[in-house]
Amino acid sequence: MTEIIVGIDLGTTNSEVAVVREGRVEVIPVAPGVRILPSLVGVADDGSLLVGEAARNQYALHPERSVRSIKRRMGEFTSVQMAGKDYSPQEISAMILRRLRDIAEAHLGEPVGKAVITVPAYFSDAQRQATREAGEIAGLEVVRIINEPTAAALAYESCHSGARKALVYDLGGGTFDVSVVNLESDVVEVLASHGNNHLGGDDFDQKLITFAIDHLRERHDIDVGQHPLAMARLQHAAEAAKIVLSSEPYATLSEEFLLEKDGVPIHLSVEVSRNEYEEMIEPYIAETLDAVHIALSGAGLTVADINEILLVGGATRTPLVQRRLEQELGMQPRAEVDPDLCVAMGAAIQAAVIAGGQAPTVLIDVTPYTFGTSALNYFNGEMYPFCFVPLIRKNTPIPVSRSEGFCTIFDGQSKVDIHVYQGEDPDALNNIEIGRFTIEGLRDAPAGNPLITTFSLDVNGILQVTSREKETGLVHSITIDNAISRFTGDKLAEARERIDGLFGEQEGADKRPAATTAEASPADDSRRLRVEAGALIEKAERLLAKAGTEDAEDLVNGIEAVKDRNNGSDADLKAAMDALADLLYYLDA
Ligand code: AMP
């Protein structure tokens with residue numbers, strides 16, 4: 001039997017311990033159903049030591065008896081006070097490590113004496129040494145200290161896919177780091193790192209707290225900032241609303257009996273939309289993107305050199321983070337390994353390798369396809385009714401449920417067609433329609449009546465799509481069995497051809513506007529054709545860069561033909577587009 005070495009992510013806000021057993025990576029629960037230990041320690045009323053959740057709960061009321069974010073002090077020759085006594089940062093960290101060790105021993109039923117511990121890539125020698133000492137104080141031999149981005153790359157198994165360069169984007173509760181790593185035959189090297197030690201999900205909470213404070217001031221003429229207990233509750237409410245906004249288009253910040261004014265209880269209940277929230281946090285995200293470019297230039301690389309983006313840290317679940325990264329770097333970030341746990345998992349994988357076991361694989365159930373709907377929006381600078389709106393992105397762990405807000409576009413619109421597509425193309429008509437339904441009987445309201453559409457995909461591949469009128473709760477839904485297994489491998493291409501064929505036969509009769517759109521008119525068809533022509537030209541131009549001389553000549557002729565006919569009849573344009581599409585098909589193959 002190989003000896004047990006655990007992997008520990010000793011984080012600023014949270015810590016985790018993981019182990020590899022029988023070839024599987026397991027993050028050990030710290031309490032039933034909970035795998036994350038808040039990195040706080042404290043002393044209770046009765047003098048007993050509190051670590052984790054209990055210390056966090058008392059922090060708001062007794063900060064003098066609690067210590068948090070000790071990781072920021074590691075490596076300093078300083079001490080912190082807790083309940084009137086002085087402790088070194090190593091000692092405080094050791095209390096967290098000791099608790100994790102005890103939890104691991106209880107779970108595994110045997111002594112745990114060795115660990116791999118992760119640290120940020122920018123940690124100095126002194127900070128690494130202090131981490132090692134903390135381990136020793138906790139009774140753990142620290143067999144290796146590894147960089148957090150290295151651990152993340154191990155968890156994502158990026159190093160098994162040949163020589164690559166990855167960008168590890170780590171946005172936690174209170175810190176942000178981005179690292180450029182080079183992965184080559186099982187060796188992970190951090191080429192450059194950049195970040196901000198005081199930026200993270202807590203700042204997002206703060207924006208929502210300010211929003212609630214302003215609301216209460218306007219509504220009740222009261223300053224919550226003066227009431228520490230109410231502020232502590234507001235903090236929880238804000239974080240809860242923030243987490244809801246990662247999967248829902250609206251959230252309500254609510255706390256009953258938050259405080260009293262002149263003997264009258266004041267309840268907080270204020271709705272915030274994802275759009276409003278994204279506006280609040282956009283400057284923070286922009287700052288992280290600046291850091292991405294600094295790290296890239298530090299590594300002497302450009303965006304084009306990066307093969308993949310790996311997401312680490314709970315705050316990367318924020319949809320705006322993923323969207324902005326995708327816009328900025330032109331690729332969908334990988335988010336399939338739980339961003340809270342992947343550093344601990346990577347540490348455990350490294351530990352298993354040191355212990356002499358096989359490098360294990362992190363097994364995750366993910367959806368291999370993107371699912372979404374369509375709506376009216378701008379496409380190549382024009383309004384277009386079939387813009388694809390992805391709700392569940394490829395490689396998202398399942399089960400998953402995601403909601404998005406839409407609205408009607410006409411005054412008095414009483415029904416909306418919801419189309420369900422599988423695919424990646426920004427033009428929904430290039431994806432595969434796997435279902436549709438109509439939500440009817442909407443209230444008589446001006447344009448802009450909000451609807452919430454939810455896609456829920458379970459582990460058996462059953463996709464349920466529901467649309468709800470926000471104001472009335474009116475609901476319609478559809479269930480699609482085998483949403484995942486329906487199109488595997490080549491079947492996708494086959495199905496696409498079949499669908500293309502059907503569309504061809506019906507001469508566009510079935511190309512009915514989607515989601516929140518009106519009936520398509522001939523003018524719409526003509527406009528759509530021109531949008532498609534634009535997309536085709538773009539695709540052809542992209543291929544042009546890679547094509548050989550002969551093919552390039554054909555491509556240029558094909559592109560010119562489509563461009564020439566753009567102002568002519570639909571039939572002429574369609575003929576030129578078909579010829580170009582044939583050429584692309586041949587070159588793509
Ligand atoms: P970490 O330090 O990596 O554990 O990340 C903790 C941060 O992630 C905290 O600010 C959490 O509120 C935040 N977080 C956790 N889950 C989500 C979520 N679903 N959406 C947005 N932020 C989240």
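Note that the structure is predicted; figures quoted are calculated from it, not measured. Whatever order the structure lists them in is the order used to number ligands and atoms, beginning at 1.
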[X] and side chain to side chain contact (heavy atoms under 4.5 Å, CB included): which partner among [options]?
{"X": "Val116", "options": "Ile349, Ile354, Val6", "answer": "Ile354"}
{"X": "Ile309", "options": "Leu167, Val292, Val178", "answer": "Leu167"}
{"X": "Tyr156", "options": "Val168, Leu183, Val337", "answer": "Val337"}

Set of residues satisfying side chain to side chain contact (heavy atoms under 4.5 Å, CB included) with respect to Ser124, sequence neighbours excluded: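 Side chain to side chain contact (heavy atoms under 4.5 Å, CB included) list for Ser124, sorted by chain: Ala126, Gln127.
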
From NZ (Lys242) to CG (Leu208), nearest 0.5 Å: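 Going from the NZ atom of Lys242 to the CG atom of Leu208 covers 8.5 Å.
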
Between Thr316 and Tyr169: side-chain donor-acceptor atoms closer than 3.5 Å: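 No donor-acceptor contact under 3.5 Å links the two side chains.
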
Shell of residues surrounding ligand 1, defined by a 4.0 angstrom heavy-atom cut-off that is strict: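 Under the 4.0 Å cut-off, ligand 1 touches Thr13, Asn14, Gly172, Gly173, Gly201, Asp202, Glu239, Lys242, Ile243, Ser246, Gly313, Gly314, Ala315, Arg317, Thr318, Asp340.
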
